[in-house]
Structure formats: structure tokens, C-alpha cells
There are 2 protein chains.
Amino acid sequence: MRKIRKFSAPEPSMRRLPAYLHVLTRLLRENRLYVSCTFISNELYLDPTQVRKDLALTGIVGKPRVGYSVQELIDKIKAFLGWDVQRDAILVGVGNLGTALLGYQRFRLYGLNIVAAFDKDPRRIGKTIFGVDVLPVEKMPNLALRKKIDIGIITVGEDAAQEVADLMVQGFIKGIWNFAPKALIVPDNVIVENAQLSVSLGVLTSKMKLSETEKDTV
Amino acid sequence: MRKIRKFSAPEPSMRRLPAYLHVLTRLLRENRLYVSCTFISNELYLDPTQVRKDLALTGIVGKPRVGYSVQELIDKIKAFLGWDVQRDAILVGVGNLGTALLGYQRFRLYGLNIVAAFDKDPRRIGKTIFGVDVLPVEKMPNLALRKKIDIGIITVGEDAAQEVADLMVQGFIKGIWNFAPKALIVPDNVIVENAQLSVSLGVLTSKMKLSETEKDTV
DNA sequence: TAGATTGTTAATCGATTAACAATC
DNA sequence: TAGATTGTTAATCGATTAACAATC
């Protein structure tokens, strides 16, 4: 009987994989050939079994008593995360955040290649930011289609976000990375990942609040 | 018997609360007085019971057949997230991302007030960015202490991140918002929230990869 | 060989979802 | 009152953690 391939993975696992990659990249620089999951779990304060299960998702096979090949593990994690291929992306909304993302060199490591930026503000259109041209947003769907763009990054305000998402869907974009504080409505075949700064800040400040309340009542 | 106060809350719930706030703010603009959790769950494609449980965390009490007061719910969610008080913050690392965060107006809505920025690069020190002065990083612990800074934002590279975190701990900062791709080591009483862009991008690209693999084999 | 480490199955824990009584 | 909605308890689901056999 053929083994059924899994088409999903636990999202918590997905979110831990980039951290493993940081540790492994350091070990590679230090010329280490093998690593155990105990080592990784100590570095990141995680349960070793959890690390082992996460790594297993990538299809890596380790050697008992030795561990996993550092280089192979890096390759497998990158492949699992989809960072082994280059993906062309466009960005809409060249405000502060959008500009910062255009200049974020690290994206190259993840295969993300922003080929064009868009805005509706005439003062921004025509500029070139970190080597990326800013075009009028109406031109986006056509360019996305023509250049077979995979990923659309939304860094506009909440009012324009749905509109922009609709244009991205028109341009047959497959994945949307949404920084706008808005729940987007898109067809089933389009993948949306929300990256609102407020979510992360809210976790920090609510934990701070809870710990303060605790202290007050002890 | 006195009711035991809970000092923690499910993190998934914390992460959903900001989205409720977006919906509620819109309803407030439209002058709606009451909202049911069915309404919210439809807007955000969530289970209504889940919404009800999340809202209950904030201590809100609803009226059967009517729902929750929009204004009261906004206030309660903000209080739960710790967004009802202003918190002073400092930011270390005035690169692209750091600069973008300094200019992000929306933080005011969350009570975050960045009062100073720091860098080790002499070319950046002395500048004023979006009204915030950039100072040499050595001055940070002292200023943090003197001004009773609550939150430290780390937007330096991975190599400097731990060093910066140590300085923040010296300055008695209570919460660290870490954008650097590095697992920080801090004392128990300091809260760290990681906000690496790579985590969110990894979720997007691995889901895209999985859906592509699926299509290939169907 | 002995023992460290992987791989996997079982147990536990916590979050989500379902069911339903209470309420206005 | 009837019925929509809240609040809460119970059932389910999925992720984490524990236990242990397999392996080099």
C-alpha cells in the first residue's frame, strides 16, 4: 500500500522551523557536521521530542548516536519552508513599512524577490526605492499576470487592503502576505498569511499586563 | 470562597483579539451600539463559540438576545491587551525596519510611545528620525532606567541582538519586542515576544509549497 | 559491547467545537 | 410569550510530552 503523502503540517511546527535554521546556520559557520535534537532543544529551550517531530516533517533521517547532518538538515528545512526556490513578489503600499520591506536584504535568504512596487499616491509613483520601481497600482494585475508573480505583499492601510487583495486575485497571485489590519476575503485557492504588527505587540503587552496584575495581588 | 484570578490566557485567543478590535472600531464608526458574537464570527470566519470564549477573557458581560455593547467591548479588549495605558519604549537598531517602526503612526493606538532610538553606527547617531533622536547605544541602559522605560524594541542584526538584550535587562526593561532572528536569553521576569518576519513568511511559503505539491500529485 | 540518540507509539494536556440551559 | 443570544459544561480534536524499542 502506498504511503499517503501529508498535505498539511501543524502550524506551530512551521513557526519553529526558522529558529532551527538560525541555530544550524551558526553551526555550519563553526564547521560542525552533525547535530542532535537535544543540542537544538537546549539552544532554543524546547522539548527535544518536539524538535525531533518537527524535523521529521522535513523528511530528514538521522543517525542514532550521531544526530543529523547539519548541511542536509538546512537543505531539508529550506525545502520544506519553500525557501529553496526563488519566488517573485510585488508589494503594494510604499509607506514606511513598505519601504522598509523593499530594503530588507534578508529576504534573499528566503527566496523572496520583490520585482516591483505599487502605490496610488502620485508623489510616490515613478520613484525607485532600493532599486525597485514604484508604479501606479492599476498596472499591478497585468504585470502580476505577465510576470507570473507568486506573492503579493500588502502594506497599505486597512481601508484599501481589500481592494488591493481583489486586484492581486485578478493578477492570479497565489499567496498574499498581509500587513494591513484587515481580514481579507479571497478565493479558496489563494493563501493569505497575516503579519499584523499589532498581533505580536498585543501578545507582549497583554503578558506584561497579566504579570503586573499578578505582582499587585501577591 | 474567593474566585481565583487567572494569570494567564491562551495565546491563540490573545492573537485573535486585535482582529475583533478592527471589526468593532468599524462598527463604532457606523454608530452601532450592540454586536453579537455571531456577527463577529461571520466577519472573521471564526467559530461563534470561540469568539464568545475569547471575549469572556476580557471580563465583558453580554445581554442575551442583544449582544455586547460595542463601546464597552472595545474598552475591555484594549484593557485586556494592555492598550489602555501609554507605555514608553526605546528602539535599538535604526536600519530599514527600525526606521519604519519609528514612523509607524498606528502604534499610538496601542499605547506604544517610542521616546528614543539607539544605534552603534556613528553615521546614524545624532540624527532625528520621525521626531525621535538617535543616541549611542551605550547610553541606553541609563536612559531606560532614568525614564522608567517599559518596552525595548530590538531591530538590530542577529549578531548584536543578545548584547542589546543584555543592555535592556540592565536598564530594567520589562518587555522586549524582538525582531532579530535570534533566540534571546533573559531573566524570568523579563517578557520576550518574537516578531521575526521570517516566521510569518515561512508559514506563507510552506503552505504555498504544500498546495503546489498537492496539485502535482492529483 | 554499552550507551547515546533516533524514531515511534502512548499518554497527557490544552484549545476548539458541540450541546444545552439560562436569560431577557 | 417565543426566540435569539449569552454563558457554561461536555465532547472532540490536535499538539505536546512521556515512554520505550530500534539502531549504530
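Below, read A as the first sequence line, B as the second, and so on, with proteins coming before strands; counting in each chain starts at 1.
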- Note on the structure: Its dot-bracket string being built from Watson-Crick and G-U pairs below 3.5 Å, with | for another strand and [ ] for crossing, DNA chain C has the pattern ..||||||||||||||||||||||

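- Side chains of Lys63(A) and Tyr34(A): a donor on one and an acceptor on the other come within 3.5 Å.
- Note that the CG atom of Leu201(A) and the CD1 atom of Ile153(B) stand 8.0 Å from one another [nearest 0.5 Å].
- Interatomic distance, Leu17(A) CG to Thr58(A) OG1, rounded to the nearest 0.5 Å: 7.5 Å.
- When side chains are defined from C-beta on, Ile90(A) counts as touching Met168(A), because their heavy atoms get closer than 4.5 Å.
- The aromatic ring centres of Trp177(A) and Tyr110(A) sit 6.0 Å or more apart.
- With rounding to whole Å, Leu73(B) atom CG is found 11 Å from dT6(D) atom P.
- One interatomic measurement links the two molecules: CE of Met14(B) to C1' of dA15(C), which rounds to 14 Å at whole-angstrom precision.
- No side-chain donor-acceptor contact under 3.5 Å links Asp54(B) and Gln50(B).
- Here the side chains of Lys147(A) and Asp88(A) are not in contact, with every heavy-atom distance at 4.5 Å or above.
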- Query: Just by protein heavy atoms under 4.0 Å, how would nucleotides 16-24 of chain C read 5' to 3' in B, S and -?
  - Reply: SBB----BB

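- Side-chain contact check for Asp166(B) and Gln162(B): at least one donor-acceptor pair (N or O, by modelled atom type) lies under 3.5 Å.
- Panel note: side chain Asn113(A), backbone Arg87(A); no donor-acceptor pair is recorded below 3.5 Å.
- No hydrogens or angles considered: a donor-acceptor pair under 3.5 Å links the side chains of Asp75(A) and Gln71(A).
- Near DNA chain D, meaning a heavy atom under 4.0 Å away, the residues from residues 28-41 of chain B are Ser36(B), Cys37(B).
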